[in-house]
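For reference, the structure discussed in these notes is given below.
Chain letters run A, B, ... following the sequence lines, proteins first, then strands; residues in each count from 1. As the structure is a prediction and not an experimental result, all values here were calculated from the model.
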Number of protein chains: 2
Amino acid sequence: MNPITFYKCLADETRLRCILLIHQEKELCVCELMQALNESQPKISRHLAQLRNCELLTDRRQGQWVFYSINQALFQWIHTVLSETLQNNPDFLADNIIALEEMGNRPQRAQSCCA
Amino acid sequence: MNPITFYKCLADETRLRCILLIHQEKELCVCELMQALNESQPKISRHLAQLRNCELLTDRRQGQWVFYSINQALFQWIHTVLSETLQNNPDFLADNIIALEEMGNRPQRAQSCCA
DNA sequence: TTAAAATATATGAAAATAAATATATATGAA
DNA sequence: TTCATATATATTTATTTTCATATATTTTAA
């Protein structure tokens, strides 16, 4: 991924929060991100679609849910930048993580082997 | 600097090239950036003003020239991200560096002590 | 010396372009 | 049918660019 595309992905509050939350949590579905960010379904979904189109995120469907994660095929420096950002801005996601943890009925992850 | 402000700074081609060139060259003036990027004076100047307002760059005037450099007071992770980006995208600035090196009459830097 | 010209940079304001959002609706799985 | 997610389209909002002009410094020459 070229650096401009990458930084455009990070340059929006909704997207940056989604990306960093997913990076930290490994995998989140749309409804979890809606709850964590307190944003509408189409808004979250649109931004995720954009990140999927750029190949920053990959998705997998499990039943009714679609789980998003960071594309592991990306160059290492991309992961480094995300980790640096997360580690050095511990407050940035604080409220989102609280909201996520307060969420009831979070979908169960199944292993790919038994989905 | 908060991460959204930072990534908005990087999310434009003109700005990203300026920032990474300055990071690599330590200090560049407006006319050098115009030459390296082959862009108009107001365009370069406007983007630099924006980066100065965000405190990503600092400037010093030396005679008729204004030299820009990365604000050394920024958190370390910001510098890390810039270095990672530069090191892992060696082609990105290639043409800009050629254009810069082809530039005649580059302004002489004076030390602060003898300016 | 000072006044005009030249050079480098900055900025106001309009125009052009791009991006984000909201509403309604569609799809797909349980 | 219901729940989760996606998307089309219209609208709003934000960003970028351009042109003209302003400012600051240096140089030239009267």
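In this structure, A/E101 contributes its side chain and A/I98 its backbone to no donor-acceptor pair below 3.5 Å.
Rounded to a whole Å, the CD1 atom of A/I44 is 11 Å from the P atom of C/dA22. Rounded to an integer number of Å, the gap from CE of B/M34 to P of C/dT7 is 13 Å. Atom-to-atom, NZ of A/K8 to P of D/dA14 comes out at 17 Å; the value is rounded to the nearest Å. Put simply, NZ on A/K43 is 17 Å from C1' on D/dA10, counting in whole angstrom units. In this entry the distance linking CD of A/Q62 with P of C/dG28 reads 19 Å, nearest Å. To the nearest angstrom, P of D/dT5 lies 11 Å from CG of A/L28. For the pair A/Q41 CD and D/dA6 P, the interatomic distance rounds to 7 Å; values are reported in whole Å. Following rounding to the nearest Å, A/L48 (CG) and D/dA6 (P) show an atom-to-atom distance of 7 Å.
Of the side-chain N and O atoms in A/Y68, one or more sit less than 4.0 angstrom from OP1 or OP2 of D/dA6. Between D/dT17 and B/H47, a contact under 4.0 Å exists linking OP1 or OP2 to a side-chain N or O.
Taking 3.5 Å as the limit, the base of D/dT18 and the side chain of B/R46 contain a donor-acceptor pair of atoms between them.
Of the two residues near DNA chain C, A/Q64 and A/D12, the one whose nearest nucleotide lies more 5' is A/D12. Comparing A/R15 and B/C31 against DNA chain C, the residue whose closest nucleotide sits nearer the 5' end is B/C31.
Comparing atom distances between the B/C29 side chain and each of D/dT5, C/dT11, C/dT9 picks out C/dT9 as nearest. Candidate nucleotides C/dA24, C/dT11, D/dT17 were compared by shortest atom distance to the side chain of B/T14, and D/dT17 ranks first. In this structure, of C/dT9, D/dT16, D/dT18, it is D/dT18 that holds the atom nearest to the side chain of B/S40.
The aromatic rings of A/W77 and A/F6 sit perpendicular to each other, their planes meeting at more than 60°, with 30° as the lower class boundary.
Nucleic acid contact class of B/Q50 (heavy atoms, under 4.0 Å, all strands): sugar-phosphate only. A/P107 comes within contact range of no nucleotide atom at all, as no heavy-atom separation falls under 4.0 Å.
The side-chain tip of B/R17 points at the ring of B/F92 from less than 6.0 angstrom away and within 45° of straight on.
Checking C/dA30 for Watson-Crick or G-U wobble geometry (two distances, each under 3.5 Å) identifies D/dT1 as its partner.
The environment of CG in A/D95 is sparse: at most 12 heavy-atom neighbours from other residues, nucleotides or ligands sit within 6.0 Å.
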Determine, stepwise, if the pair B/Q50 / B/R52 fulfils side chain to side chain donor-acceptor pair (under 3.5 Å).
CA-CA 5 Å; B/Q50 200 179 320; B/R52 176 167 27 78; over 6 Å; no

